[in-house]
Amino acid sequence: MADQVFQPLPTVPDHPSLEEEVLAVWEQEGTFEALREQNAGGPSYSFFDGPVTANKSLGVHTAWGRTLKDVFQRYKALRGFDQRYQNGFDCQGLWIEVGVERELGLNSKREIEEYGLEEFARKCRDVVVWSSSELIAGSKRLGQWMDWGNDYYTFSDTNIEYVWRMLKTVNERDWLYLGHRATEWCPRCGTSISQHELGMSGVYQDKADPSLFVRFPLIERAGESLVIWTTTPWTLPANVAAAVNPDAEYGLRENGEWVAVARYPDDTFVTRTRGADMVGWRYRGPFDELVEVAHRVIPWDEVSLDEGTGIVHIAPGCGGEDFELSQLHDLQVVMPVDESGRFYDTFGWLKRLSTVEATDQIVGYLAGKGLLAEAGLYQHRYPHCWRCDTPLIFRIADDWFISVRDLRPQMLDANGTVEWTPKYMGKRMDDWLRNMGDWNISRRRYYGLPLPFYPCACGHLNVIGSRAELEERAIEGIDQLEELRRPWIDRVPIRCEKCGERVDRIAEVGDVWLDAGVVPFSTLGWQNPKWIPQGYATGAARGLTTADLPDHAYWEKWFPADWVSEMREQIRLWFYSQLFMSVVLVGRAPFQRVLGYEKMLDEEGREMHGSWGNMIETSDAFPRMGADVMRWLYCAQPPDRNLLFGFGPADAVKREVLTMWNSVKFFVDYANIEEFRPSWSALNLEGDLEPLDRWLVERTHAFVRDAESGYETYLTVDVMRAYQEFVDDLSNWYIRRSRRRFWKGDDDAAFQTLWYALVQSLRVMAPILPFMTDHLWRTLVLDGPSSVHLAGWPEVPDPDLPLLDEIDDVRRVVTLAHQARAAAGLKLRQPLRRLVVEGAPSVAAHADEIADEVRVKEIEFGPVEAELRVKPNLPALGPRLGKELRTVQHALQAGEFEELPGGRFRAAGHELEPDEVLVERLGREGFAVSSTDGVTVALDTGLDEDLVLEGRVLDLIRQVNTMRKEQGLEITDRIVLTVPNEAEPLLRWEDRIKSEVLAVEIRVDGDLAVERAT
Ligand SMILES: [Zn+2]
Ligand SMILES: [Zn+2]
């Protein structure tokens, strides 16, 4: 066996071990380096990698995006494009901090400061070092080809300086300001959360909160109270007003409670009044002994009459709209809790309690004072911190903002130049741009981009734009400045450029999306005069990467990106922050095309959570599924729908992969017997091809074209569909129909054609299934490019579409005949007398093939006598036709309709689409009829003795061939066959049996037996 032409393949591939082997070969041969060299100087294709947060190992979620990135880079590489292949890591911000806090058991900002910011910063960097190496290892195992080792890390000083520069520009244009406003706040993280972060998945979760109806006693109206409703009891101590809808009617119940009449239509009211007339009423707040506030009723058009009592409790220190109302009505702003969400010391018995701890006590206190009208529980969707899952609260804070007023129209214009797949995601971006508020860029944290703001007592805001500028203006501390980072940078005061006094930096760090948004500038050397080798490996990134800081010419070449791709959630995050910065700096979009995709869920459609036990780690997925199978699942997924991922779907894919695998194995097994030796130059097919061979060649060309169109429109799902149809044609038509030619051997055209189709399709699928295709390529291609990834995209002529349509029709007739046979309950091995075909004239030339395939003695072309019954498909047709439905239904019932091309019908003046009708054809007695797309077949189901006997012969042949396999015989082994006495009549077909089972002799005696002939 050693001198076989092709390495034999096992029956079933072991994906994980096959992939490990291929990875080793790539490593050893330097396949990726060879590819880059091959494409160097070619046309450029620019892709920016969205940085993955470096705080974890590779998850199956991240692997989805990484696969798509890899697929299109590989496709473009096959087409000769030169690419950058730079991978990126997001290295700062709360995600990293929270992990370190957990690891160190720190529970508050105070504990972090006690632990020490220097050591804390080093621990954060350790996480990034660990995670980035894990992510690189996982991505390599996935088959992703990137320029590993030249990755960008957003915590590099270079990246930070680029953000500084952008912020300086923003300040010069007067867009930067310090805002005093209500903001969503995480009490655990001690920082505000910005609007775009609220859009992240998992932020809104179901939560049960107390539902309290509370009385506010009116001062001038003894015995009467306003009743308000709240689900956040901790905000009551901060109450300053009660809002009523001025146009609504309010009523006084007998028990002295005021509520909106519309909320309680069945109640009896002693008296009624309009909301407008209640404005100015004064009342006593429930916590007046703790906080001195004058409470009064204010008007507010937005007061809802759909929930609560129609009277709304207003606490400007704890709510966004409340705060705006306080500006409008000149209300006092009471801030009850500090940045860790605990009551200030001035709040008496509430002091130091968290908002959660305070709840029960507040409820008890209200009840004790007789102020609680009703208490219960309320289920609602409530925002949680995206990093630590703590329920958010509202606080008033001073945060730094970038005004979007001037930028909004420019960003909308810029987004108008971007082509989005799927299209609706571009509309989501437009919606977001239209509705976004000013960008809150400051966070009260530690391990993040230090905001370069130095507000001076003289009123001037100094904004530093680079490290050089900082060094120039620093008063002290430059020597100890290890990185542009807290705590080191906090020890570098500067001189005010206005008054010359000493100024300190504010303590805040920046929103992480600043770090990621500047990447199209910082990694490409925008406005950098001279190329700096390893110039990106600065600050915390030193030692982790060897990435250069290129010069401006390089930026000109690679900006904007031809394509970027991330999940939908990134519309408000990375896609937005990049667009934002790009519009600020150069006035246009940083990318031309975007591919977005929806969420990943488990195979039952539930979110994946570590705590639910349904999370799949790649460390589990790689050995159990293999990377190719994972990539198949990712690529077969339409991007506008959630991906249901799991081991069940993976097993189904493993079975599907076999069709291609078996086709190659079939070729290899027979080509080895025949010692057929293809040469790379034979990729240009020449010589005498049979019609079926010519068809397969054209079919292959059509597949190449279909896949091309899928790749060019960034829809891997289209490539996968084209592939599945092609492989079905290849295996279930070409190979099935040609089997005999391979058995007989000595038919170079068959071998040549099959080899051609296999080799070309491997090239097409190489971007999606990089391991299996390369393995099979290395099996099949003896003297061509060493790897499928170096073989380029197949250049093929346009396919012969009429020929393809003709065979499509043939396959359609065969499928219909099989359907008719199944409907009549006749098994496939039972020969039948006749098939009548109507409506597929082009298949006449293939009558013999069809007869053979569907096992009938004769094919007849002509009208099929069948009664056509058409019924309306009510769920589809009802909504469209409305009252007309009955008329159409009667017409169809009475047979008054006309058949139109494409499976459509006309009845009572209406044209009905194929999915709007249910079609049934009843054949003549003795015929089974089936029909689709204008083709109808009728199968003669009558049997006679001859047909029955022949059916038994075919059963016997199948049985013997199964026995051959079970006994482990080689496909070339000859046998002696023994058949039982009752099978003797079958020997009328002795020659046929012998040739089909490779028997040299048939004996009649005892039990059925197979023996290798000697
Ligand atoms: Zn948090
Ligand atoms: Zn000053």
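For ligands, and for the atoms within them, numbers begin at 1 and follow the listed sequence.
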Colleague: Any side-chain donor-acceptor pair under 3.5 Å between N159 and T154?
Modeller: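 Checked: N159/T154 side chains show no N/O donor-acceptor pair below 3.5 Å.
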
Colleague: Could you tell me whether a side-chain N or O of W234 sits under 3.5 Å from a main-chain N or O of A358, the two making a donor and an acceptor?
Modeller: no

Colleague: Would you call L178 and L461 a side-chain contact if the rule is heavy atoms closer than 4.5 Å?
Modeller: no

Colleague: When you draw lines from the Zn ion (ligand 2) to SG of C458 and to SG of C496, what angle lies between them, to the nearest 10°?
Modeller: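 If I round to 10°, I get 110°.
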
Colleague: What do you get for the angle at the Zn ion (ligand 1) between SG on C388 and SG on C189, to the nearest 10 degrees?
Modeller: 110°

Colleague: With distance as the sole criterion, is a donor-acceptor pair present between the side chains of R445 and T191 under 3.5 Å?
Modeller: no

Colleague: Just to confirm my numbers, could you give the angle made at the Zn ion (ligand 1) by SG of C385 and SG of C186, rounded to 10°?
Modeller: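 With the Zn ion (ligand 1) as the vertex, the angle is close to 110°.
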
Colleague: Do any of the N/O/S atoms of C456, backbone or side chain, fall under 2.8 Å from the Zn ion (ligand 2)?
Modeller: yes

